[in-house]
Amino acid sequence: MPEEQDLMEKIVSLAKRRGFIYPSSEIYGGLNGFWDYGPLGVELKRNVKDAWWQDVVRSPPAGPDGRPIRMVGLDCSIIMNPKVWEASGHVGGFADKMVECSETKQRYRADHLWVQEVHAVGGADVGEFVAIVAQSEEQAKRLEREYDPRSMQLPEQYEGQLRMKRWKRWGVDRGFITGGTRRFLTLNASELQQVYAPDAENKGTLGDVRAFNLMFDTYVGAMQDSSSKAYLRPETAQGIFVNYKNVLDTTRIKVPFGIAQIGKAFRNEINPRNFTFRSREFEQMEIEFFCHPKEADLWYQYWRDARLKWYVDHGLRSGKLRLRDHQAEELAHYARACADVEYEFPFGVSELEGIANRTDFDLAQHQKFSGRDMTYFDDETKERFLPHVIEPSGGVDRAALAFLCEAYAEDEAPDESGVMQRRTVLRFHPRLAPLKVAVFPLVKKDGMPEKALEIYQALRPHMTAFYDEKGAVGRRYRRQDEAGTPFCITVDGQTREDGTVTVRDRDSMKQERIGSDAATLLAYLRERLRR
RNA sequence: GCGGGCGUAGCUCAGUGGUAGAGCGUCACGUUGCCAACGUGAAAGUCGUGGGUUCAAGUCCCAUCGCCCGCUCCA
C-alpha cells in the first residue's frame with residue numbers, strides 16, 4: 001500500500017509541477033472537492049472530450065448489424081426547471097436522510113438504521129430499543145436471527161461492521177429477547193428517546209432526521225424565495241430526456257438513435273476524495289440511446305462492449321481495466337442491467353463509466369410529470385411505444401485521471417556519460433497527449449533557432465506544438481517526456497547542409513533523420529500520431 | 001462525520017524556543033554540438049489561518065481550514 005500511496009503522490013506532484021492540475025482557488029487555501037486544470041491539463045481533458053465526441057457522435061462504431069448507427073449531440077443548460085429534478089427523483093431520492101448521534105458523533109443514513117424492541121426475560125416489552133445498521137430489512141432480520149444472546153457471540157462476518165456493544169450488553173443485563181424489527185424512520189418522538197444508538201452508552205442520543213441533499217441549490221432571479229429555487233444539475237442525462245421530443249420533432253431522426261452530451265455536473269459529495277476522482281464539480285460525457293423495448297438487451301450489449309473497447313483503444317490496456325456486471329440486488333430501482341467500466345487506480349479500483357439499461361423509467365417519469373406525450377410512433381410497423389434507454393455515462397475527469405495514471409512511468413535512460421539515470425515519462429496515447437510535438441534548435445546559434453522557429457510556426461496550425469531553445473537539449477527532451485509529448489524535432493548543424501532534422505521518439509528515445517519541409521514533417525507525424 | 005498522519009520556496013523536504021534553510025526546478029548571462037552538463041548571478045516564503053503562553057514561537061498550547069490514509073458515504 002505505501003508503494004501505491006507513493007505512486008499517487010508522485011502523480012499528484014507531477015500534475016501540479018507540470019501544470020496539469022492545481023487545487024482550486026489555491027491562494028485562499030483551496031476548496032475541498034474542486035480542482036483546476038492547468039495548461040497541459042486542459043489540453044489533455046479537451047483531447048479526451050474530443051476523442052469521445054468524434055468516436056461517439058460523429059463517427060460511432062457500426063451497429064450490431066454492421067450498419068451505421070444514428071447519433072446526434074446536444075448541449076443544454078446547467079440550470080433547468082426544478083420540476084425536472086422532481087420527475088427524475090433527485091429532489092426526493094437524491095437526498096439522503098441522515099441522523100447524528102450526539103454521544104458518539106457518528107452520522108448514519110436513516111434508511112440504514114433499524115431498531116429492535118427489547119424484551120425482558122418474561123417477555124414483556126421494556127419500551128426500549130436498540131438500533132443497528134443494516135442495508136435492508138432482510139439483513140436486519142438476519143442479524144437478529146443469527147445473533148445468539150446466550151453465547152454472546154456475534155456472527156463473525158458482522159464483527160466490526162456493526163456496532164452492537166449495547167445490544168450485547170442487553171443480553172447480559174436483562175436477558176435480551178429479540179422483538180420485531182422496525183425501520184428507525186417509523187419511530188415517534190417519545191420512542192426516539194428510548195433508542196440506544198450503535199456504540200452509545202446512553203439512550204436518546206439520536207437526534208432529528210436531517211435531509212442532506214446532494215444537489216447544489218441556487219436561486220433564479222434577484223428574489224431568493226422558495227418560488228425561485230433551482231438546482232445545479234447533478235447529471236447531464238436529464239437534459240437529454242427533456243429534449244428527446246425536440247430532437248425527434250426537428251431532425252427527422254428515427255428510433256433507434258442516441259443523443260450525446262458533454263457537460264459539467266455538480267454533486268455536494270459528503271466526502272470528496274482521491275484527487276480529482278470524486279469532485280463536487282465534475283464533467284460528464286453521457287449518451288442516452290433510445291430503442292425499441294425488445295431491442296434493449298441488444299443495444300445494452302453493443303454499448304457495453306463499445307465503451308470498454310474505447311478505453312482500451314486509448315491506452316488503458318495494462319490489465320488494470322475491467323468490466324464489472326452489477327448483481328441483481330445492486331441494481332438501482334430504475335435499471336434492469338448495469339455494468340461498470342472500472343480502472344485500478346493507485347488508490348483502488350474505481351468506476352470510470354457506467355452502462356445501464358434504464359428501461360423507460362425516465363421517459364415515463366417525464367411523461368407523467370410534464371403531461372407531455374413521450375411515446376414514439378414507428379411509421380413502418382404502425383406501432384406506438386415508449387422507447388427504452390441505454391445509458392453509457394462516463395466521467396471526463398475520471399477518464400483523464402485514469403489516462404494520466406496509466407501513462408505515468410519511470411524507466412532508465414543513459415545520461416551524457418552513459419550512466420543510467422531514472423527517467424519520468426508520461427506515455428500518453430498520441431491522440432490524448434497535450435502536446436504532439438516539440439521543436440528545438442540543438443544549440444542557440446548558427447541560425448538553428450531561426451530554422452526551428454520556422455518549423456514550429458509551420459506545424460502549429462496542424463497540431464499542438466511547443467518551442468524551446470533554453471539549456472541543454474537533453475534536458476529539453478526529458479522535460480517533454482514529463483509532459484508526455486510523443487515527438488521532438490531538433491534542428492542541428494546538418495540541417496543547413498542537407499535540409500534534414502532529427503525526430504526523437506518519446507518511448508524508444510530513438511532518432512530518425514527526415515526532411516525539414518512542412519509537408520514531410522506533417523506526413524511523418526500524422527502517420528505516427530494516428531496510432 | 002469519526003480516528004490517525006501531515007501542512008516551511010514551484011516540487012521534495014531539513015529546521016534543538018533565539019538571524020528562514022538545502023537539493024531540485026525557474027529566470028538572466030556566459031559556456032555548451034543529441035538525452036536531467038558546467039560556471040556566475042538572481043527571483044522566489046502571510047513557516048496553512050487565527051488566537052494564546054513567552055523578553056522571544058516555524059518550534060509550546062488552543063481553535064480553525066486544507067491535504068493524505070482508514071472507517072463512513074458514494075440514488
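Everything numeric here is computed off the predicted structure, so don't read it as measured data. In what follows, chains carry the letters A, B, and so on, assigned in the order in which the sequence lines appear, proteins first and then strands, with residues in each chain numbered from 1.
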(request) Anything under 30° is parallel, anything over 60° is perpendicular, the rest tilted; go ahead and classify A/F428 against A/F20. (result)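 Rings of A/F428 and A/F20: tilted, 30 to 60°.
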
(message) For A/W299 and A/F289, take the angle between the two ring planes, folded into 0 to 90°, and tell me which bin it lands in: parallel under 30, tilted 30 to 60, perpendicular over 60.
(response)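 If you compare the ring of A/W299 with that of A/F289, the planes turn out tilted.
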
(request) Considering just the side-chain nitrogens and oxygens of A/N32, establish if one lies under 4.0 Å of OP1 or OP2 belonging to B/rC67. (result)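 Yes, such a contact exists.
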
Could you state the atom-to-atom distance from [atom1] of [X] to [atom2] of [N] in whole Å?
{"X": "A/D468", "N": "B/rG25", "atom1": "CG", "atom2": "C1'", "answer": "14 Å"}
{"X": "A/Y22", "N": "B/rC11", "atom1": "OH", "atom2": "P", "answer": "11 Å"}
{"X": "A/R476", "N": "B/rA36", "atom1": "CZ", "atom2": "P", "answer": "12 Å"}
{"X": "A/D505", "N": "B/rC35", "atom1": "CG", "atom2": "C1'", "answer": "13 Å"}
{"X": "A/M8", "N": "B/rC11", "atom1": "CE", "atom2": "C1'", "answer": "16 Å"}
{"X": "A/K10", "N": "B/rC13", "atom1": "NZ", "atom2": "C1'", "answer": "15 Å"}
{"X": "A/K470", "N": "B/rU32", "atom1": "NZ", "atom2": "P", "answer": "19 Å"}
{"X": "A/R17", "N": "B/rC13", "atom1": "CZ", "atom2": "C1'", "answer": "14 Å"}

Touch class at under 4.0 angstrom, heavy-atom based, for [X] against every strand present:
{"X": "A/E482", "result": "base"}
{"X": "A/F34", "result": "nothing"}
{"X": "A/D446", "result": "base"}
{"X": "A/R423", "result": "nothing"}
{"X": "A/E235", "result": "base"}

(message) At a heavy-atom distance below 4.0 Å, what parts of residues 490-500 of chain A sit against RNA chain B?
(response)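 Those residues whose heavy atoms fall under 4.0 Å from RNA chain B, taken from residues 490-500 of chain A in numerical order, are A/T490, A/D492, A/G493.
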
(request) For A/R278 and for A/N274, locate the closest nucleotide of RNA chain B by heavy-atom distance; then report the residue assigned to the nucleotide nearer the 5' terminus. (result)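 The residue closer to the strand's 5' end, by nearest nucleotide, is A/N274.
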
(message) Let me spell it out: for each of A/R504 and A/K16, pick the nucleotide of RNA chain B with the closest heavy atom. Which residue's pick is nearer the 5' end?
(response)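 Nearest nucleotide further toward 5': that of A/K16.
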
Compare the minimum distances between each of [options] and the side chain of [X], then state the nucleotide with the smallest one.
{"X": "A/R18", "options": "B/rA36, B/rU12, B/rU32", "answer": "B/rA36"}
{"X": "A/R478", "options": "B/rA37, B/rA36, B/rG33", "answer": "B/rA36"}
{"X": "A/M509", "options": "B/rA75, B/rC35, B/rC11", "answer": "B/rC35"}
{"X": "A/Q511", "options": "B/rU12, B/rU32, B/rC35", "answer": "B/rC35"}
{"X": "A/Y477", "options": "B/rC69, B/rA36, B/rC34", "answer": "B/rC34"}
{"X": "A/A472", "options": "B/rA37, B/rU12, B/rG33", "answer": "B/rA37"}

(request) Take A/Y37 and A/T276 through the side chain to side chain donor-acceptor pair (under 3.5 Å) test and state the conclusion after the steps. (result) CA-CA 10 Å; A/Y37 286 80; A/T276 56; 4.5 Å; no

Watson-Crick or G-U counterpart of [N], or none if no pair lies under 3.5 Å:
{"N": "B/rA75", "value": "none"}
{"N": "B/rA42", "value": "B/rU26"}
{"N": "B/rC67", "value": "B/rG5"}
{"N": "B/rU53", "value": "none"}

(request) Evaluate side chain to side chain donor-acceptor pair (under 3.5 Å) for A/E286 paired with A/T236, printing each intermediate quantity in order. (result) CA-CA 7 Å; A/E286 293 195 298; A/T236 56; 2.5 Å; yes

(request) Starting at NZ of A/K10, measure out to OH of A/Y408 and round the result to the nearest 0.5 Å. (result)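 Reported value, rounded in 0.5 Å steps: 5.0 Å.
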
